[in-house]
Amino acid sequence: MFSEEDTAFADEVRDFVHSNLDQDVRRRVICAQPVSLEEKRVWHATLARQGWAAPHWPVEWGGTGWSPAKNYLFVETLAEEGAPELSPFGLQLLAPVLIRYGTEQQKRSYLPKILSGEHRWCQGFSEPGAGSDLASLKTRAVLDGDQWVINGQKMWTTVAHAADMMFCLVRTDPDAPRPQMGISMLLIDMKNTPGVDVRPIMLLNGERTTNEVYFDNARVPAANLVGEVNEGWNYTRVVLGNERLNIARVGLCKRQLRHLEQVVGRSGLSGEGRKRIRRHIAGVALDLMSVEALSLRMLGRYQLGDAPGFEANFLKLKGAELQQRLTRLLVEATGPSALRLGADGEDSNLLKNHFDTRVVSIYGGSSEVQRNIVAKGMLGLTKPASTAVKGARA
Amino acid sequence: MFSEEDTAFADEVRDFVHSNLDQDVRRRVICAQPVSLEEKRVWHATLARQGWAAPHWPVEWGGTGWSPAKNYLFVETLAEEGAPELSPFGLQLLAPVLIRYGTEQQKRSYLPKILSGEHRWCQGFSEPGAGSDLASLKTRAVLDGDQWVINGQKMWTTVAHAADMMFCLVRTDPDAPRPQMGISMLLIDMKNTPGVDVRPIMLLNGERTTNEVYFDNARVPAANLVGEVNEGWNYTRVVLGNERLNIARVGLCKRQLRHLEQVVGRSGLSGEGRKRIRRHIAGVALDLMSVEALSLRMLGRYQLGDAPGFEANFLKLKGAELQQRLTRLLVEATGPSALRLGADGEDSNLLKNHFDTRVVSIYGGSSEVQRNIVAKGMLGLTKPASTAVKGARA
Amino acid sequence: MIDTQDDVRRMLADGVDRLLEREYGFEQRDAMRKAMATGQGLDKSVLWPRLEELGIFMLAADKDAVQDPASLGHMSVVAEAMGRGLAIEPALPAMLGARLAALAGTAGVLADGQLAVVAPSILHGRESGFGAEAMDGGWRLSGQEDVWLGGDAAQILLLSARDMQGVPHLFAMPADQPGVTCTPYQLFDGRGAANVALNSVETNPAYLVAQGEALADAFERIELEASLLNACDAVGAMRGANALTLEQLQTRHQFGRPIGAFQALQHRMVDMSLVLELADALVAQAMVAACNGPDAGGWRLACGALVRTALSSRQIAEETVQMHGGMGLTEEYPAAHYFARLTSFELLYPAEEWTERFARLAPLDKAA
Amino acid sequence: MIDTQDDVRRMLADGVDRLLEREYGFEQRDAMRKAMATGQGLDKSVLWPRLEELGIFMLAADKDAVQDPASLGHMSVVAEAMGRGLAIEPALPAMLGARLAALAGTAGVLADGQLAVVAPSILHGRESGFGAEAMDGGWRLSGQEDVWLGGDAAQILLLSARDMQGVPHLFAMPADQPGVTCTPYQLFDGRGAANVALNSVETNPAYLVAQGEALADAFERIELEASLLNACDAVGAMRGANALTLEQLQTRHQFGRPIGAFQALQHRMVDMSLVLELADALVAQAMVAACNGPDAGGWRLACGALVRTALSSRQIAEETVQMHGGMGLTEEYPAAHYFARLTSFELLYPAEEWTERFARLAPLDKAA
């Protein structure tokens, strides 16, 4: 799968993390302790200086021109070694849309600041009645002269409270024959637009990571429309289809697995309890192998020119399950003191971290939505030729 | 739950089985080896002589007048001790319908022969296009003078090839506004009716236990209609609602569990393999406890006058799962020789028996149908008052 | 819940339910959880006196109560309501403390309304973390045990320590005794707990409640009862979580229909209901058996009840959050709170550990 | 299947598929299964010569083939097709027999087209059930091993026996040698097998294939390869079962719609497809690694491939029958046959046993 050059490169990435990432930040990432937005910004700048902030972008905008295999290894190695994740909204989700559909002016204005980390972006997609069912979104935008006037409400807007900008789906034609039509994508300045109100949604973990955003006659320049009016739904597909190659988060799981093994290795567990947890760890490790095998197969086919198919949905589903099993096992291995809430010591907050991981089967297309998509493809849209033997009654 | 009299009675039933059931038949029931129809008839006659063939019937027709608790204990104790199961079609399924809706003539003609075991009945419900969806059945019956003329096909007709009689659902009004209406129940003499053709359906286990039955202008007397014409669907509910108290088959599971424990106890399994199987056995034993607890709760409520609710569906679902886990564990405990097909020795045919047990989540309302029924009741027909605490957004 | 015609129990159930559902809504109770999170400790001025009025101590501690098989059932009603209501007050630890004192034959050692909390080693049948050294007119105690549920608010610590000869002693130690370090904290589910360390604490002889091997009976009984009462709390929480999820399926719309119209979710909801009913029925049966004390049959049923409740709790906790989507993670909606409460239970009473314990209770070889 | 541009492999795949799908349909192949059930033994006049023509022995036995990493991949193509096609002919045992002779450096010991079957103890890495005693000009062998897959049709038995000094010897014993009792029978999945007992069998010295500790390498390698090839058979059967079930969902109607319109069944079908793809991808990866021989990395991947394939097989076997309803139990429809085939695999390679084996390969303590 990987050439010698590829694996040498992975070692280079590994060394880079060890040499350039603050050791305490790295420790906290590994133990799932909080890392501040500022600390993440420092790491973003470090990567940007190396030219590694957005390797998958076109070279002209600051990308690296690496092969898919190198891109894959880069992302998984960073995660495996405990690098904080950079916010995906600008780098991974918006940028490919801008590069493909944005005006020259938009590209020149936004891409460099995304690359450097100067601008933090958030994504205004979900609404109270439109989570998994995005097409039913209701936030309206009406063109008034050279401005769009926005009214409505977004929900589950991650880190909106700390964002400079939002890329936002709005309904621009309420009379479109199908709900997917009549949606446009607008760019909104979150710091300087009157009528934008960001209110926290507090999670049980006690953290404010997500928000409701209210628009009350908020006005943005007409030039902030991305691409064509009423074509936003198509751009959404580009957003949601992005970065599928690393969707299972194999590197993250490997890091969690290694951490778990170390915790159990150091723990006072003995006898049946130790055997039991080791059985479970072995089970997750084996399952992770199969997820990695499928990821590599998808990567291999991608390099031959095949777009990711159902594998991407499978890997999203199964990757979420693995992450949840791993955080759960860490709780089990730790015992009752994992129930403790508080910031002092590695043991505490483990249950909170496990709880946080429940979100991975909800966001970015819930596990239910993933199954619906595959079922639709398997049962309806495509009609696969049966390769099974057939009986007399078939 | 049970009085001292009840438990003394259970002991009496236990003794009766040990004293009156052929020991080799009992051994074969316990090891899930074949028991012939003739051997079952002998046991039926033995129970009938004792007055125990149909304890749940009204006393005037040969029932015992026992309390629900005694009836429950009787059925579970027979199963637990390895008594062959009597065919349910006449005793359990048809008889309650006949007693409630049949003519005096029908009762006097059929019930005594069901009680004695002289007549063997089969049930003509399912059709090729109407398995779980009974209401869509197509077999037609038209009244021609004083005879019903039947055309069509039944399927999955258990033991039709050895049956004297069939109770059969037929469509008598094809224009009824709803498919459930326009269905009637007819009694059909399987030995002496021209135009009835019974063809085997062979299962992979190599046994002919079920059949297709074709009707080609088969004629039965008008007097063989049960109850009113076009009211057959209502009688079906009586049939399907029967014997819900023993639906989880706790006694059977206890017997299987004890057999499994003995097999493992005698086996050469050691070390991790033995520990592993013991963990699984403990898991099934614990689960069986909860199924028994729910069965007893349903029995207790029934004695207070409550009809079985969702508990019956839950117990059907969970009872099927337990039976399947138990036959499966027997295979696992035995190892590769369980794969062997053949009649010599306890080891052989174990995989076949496990395969046979797959049917318990398919027949009598598949597990999918059970879940549909409960879901409909929980989500739609009844609107349960919420007893949960409610949040601001609820 | 236990099928019962028992009027006391029904009145008690009505009383606790009314208290937790009508008089103090979820928002009010949750405000207390948040207040505790800011380090203020448990506010015992609001719900606590009302729980005392309902007689929660008397249920457990009264000498007659211990003899009365019904008393365990009465406590179970309170435990189940606390779980369903997501109340963070240490009613269950309080009842268990009073109960243990009564079981040890010395209920009077506790003053009225004193919150005595039992050491986790006693509640979980483990070896004590404390040792006792006899000294002039008393004992000197040292050791540590972690995660005392309700320990943050405890006035008395009921703990066991063996002396140099290995004889167990039960002490009722004031939490503010010099040398006692009681580190309070909050659990993820909002309830309070503490770690307790004793550093050469010199005890007043009056703190000795009882001693000798006879304590083993009381300890085994409180272990059995505590585990089943915790299971009742979980059964209550499962009932609350299922009702909440059912309501979500009925009222939340997606793709133009209530999400309960989707069969995959329907079937999962049915399974949630199924596993709750199994747990509820078996916990009730085990509770009735436990009234006869901790004999082999009682422990068998208790193993079944704990394993089933742990497995059901995990399934219901995870499905409740998943079927609520993002809303299932928020602080202001009960779904996540149920997740936390149920996960606490099943981590404190791990299904696999209790399955192994059951396997040891009933060795196969006997059956052969 | 292994991603490949390898022309030989593709032609082989096309050849076996054409043979099993077009030239000999399910009904014809099943007639052979039924014939065997009547005690006639395996009919080697029909499919067998065609499989030989395809070169199944050469793939495995040719000396060059053993050196050629591609040969294992070629065998995997045949194994997968046999599983998908539910063929009962012992192609896999035959390939493994030829392969072991080649691995032991003595491929020539087998005559062309002779069906040599390897003892289960060798294939499963267990201690041999046979012992050898040196005698004038040969050995005297005794012992027993049960469930030799393909043993019913074997002409040669490849078995290992230690002599009195504990040195392992590999013998190629004619199945009809006096003193050899070969009890043939059919498995539930239709394939043939045998139990083999040796009662003081006096062997010709020519039957000794090889001896000494060097055999350990060949044995470990054949164990690894046999397990992965059996997994390929299961992957083929899973692919067949999934395609059949998908077709059932698309074509069978209930309540006025194709049953595939029901979301609960849809989601379960998706999960069946998911677990197949995981198994397929990992088996392929493990197969590539196995070409380098049985090193630690190869065994790690093999453990993963076997565990995943066993778990996936069980899920797909059970779901295939359940979603077919009554039809899933009948003899004339392939669903039940897939159930049997897949269950055989996962009972021969139990997921839990291989998980434990993996845990021993990679002790935690090293990671600490």
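Here is how names work: the chains are called A, B, and so on, in the same order as the sequence lines, proteins then strands, and each is numbered from 1.
Within the 4.5 Å cutoff, the side chain of A/Leu339 has no heavy atoms near those of the C/Phe188 side chain. Between A/Trp156 and C/Thr330, the closest side-chain pair of non-hydrogen atoms falls below 4.5 Å. No side-chain heavy atom of C/Gln254 sits less than 4.5 Å from a side-chain heavy atom of A/Glu368. The side-chain heavy atoms of A/Met155 and C/Met327, taken from C-beta on, include a pair separated by under 4.5 Å. Looking only at side-chain heavy atoms (C-beta outward), A/Arg340 and C/Val147 stay at 4.5 Å or farther from each other.
Most heavy-atom pairs under 4.5 Å with chain A, from the set C/Asp189, C/Asp146, C/Leu265, C/Leu187: that is C/Leu187. Contact tally against chain A (heavy-atom pairs below 4.5 Å) for C/Gly256, C/Gly326, C/Ala37: the top residue is C/Gly326. Options C/Phe262, C/Phe255, C/Phe339 differ in how many heavy-atom pairs under 4.5 Å they form with chain A, and the most are formed by C/Phe255.
Separation of atoms CD (A/Glu332) and CD (C/Glu352) is listed at 6.5 Å; rounding is to 0.5 Å. Between atom CG of residue A/Leu203 and atom CD of residue C/Glu332 there is a gap of 10.0 Å, rounded to the nearest 0.5 Å.
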Report the C-alpha distance between A/Thr210 and C/Leu329 in whole Å, list the side-chain angles of each, state the deciding distance to 0.1 Å, and finish with yes or no for side chain to side chain contact (heavy atoms under 4.5 Å, CB included). CA-CA 11 Å; A/Thr210 193; C/Leu329 300 168; over 6 Å; no
Might you work through the side chain to side chain contact (heavy atoms under 4.5 Å, CB included) test for C/Leu347 and A/Leu351, ending with a clear yes or no? CA-CA 10 Å; C/Leu347 290 169; A/Leu351 183 52; 4.3 Å; yes
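The contact between C/His337 and chain A is made by backbone and side chain atoms together, counting heavy-atom distances below 4.5 Å. Proximity to chain C (any heavy atom under 4.5 Å) is shown, for A/Arg208, by neither the backbone nor the side chain. Both the backbone and the side chain of C/Ala336 have a heavy atom closer than 4.5 Å to some heavy atom of chain A. The part of C/Arg33 that comes within reach of chain A is its side chain, from C-beta onward, which places non-hydrogen atoms under 4.5 angstrom from that chain.
The number of heavy-atom neighbours closer than 6.0 Å to CD of A/Glu85, taken from other residues, nucleotides and ligands shown, is 12 or below.
In this structure, A/Lys275 does not pair ionically with C/Glu356, as no charged nitrogen and carboxylate oxygen lie closer than 4.0 Å.
A search for side chain to side chain donor-acceptor pair (under 3.5 Å) contacts involving A/Arg171 returns nothing, not counting sequence neighbours.
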Would you be so kind as to tabulate the donor-acceptor pairs closer than 3.5 Å made by side chains of residues 354-361 of chain A, with sequence neighbours excluded?
| residue | atom | partner | partner atom | Å |
| --- | --- | --- | --- | --- |
| A/His354 | ND1 | A/Thr327 | OG1 | 2.9 |
| A/His354 | ND1 | A/Arg328 | N | 3.4 |
| A/Asp356 | OD1 | A/Asn205 | ND2 | 2.6 |
| A/Asp356 | OD2 | A/Lys352 | NZ | 3.2 |
| A/Thr357 | OG1 | A/Asn353 | O | 2.9 |
| A/Ser361 | OG | A/Gln324 | NE2 | 2.9 |
| A/Ser361 | OG | A/Arg358 | O | 3.2 |
| A/Ser361 | OG | C/Gln322 | OE1 | 2.6 |

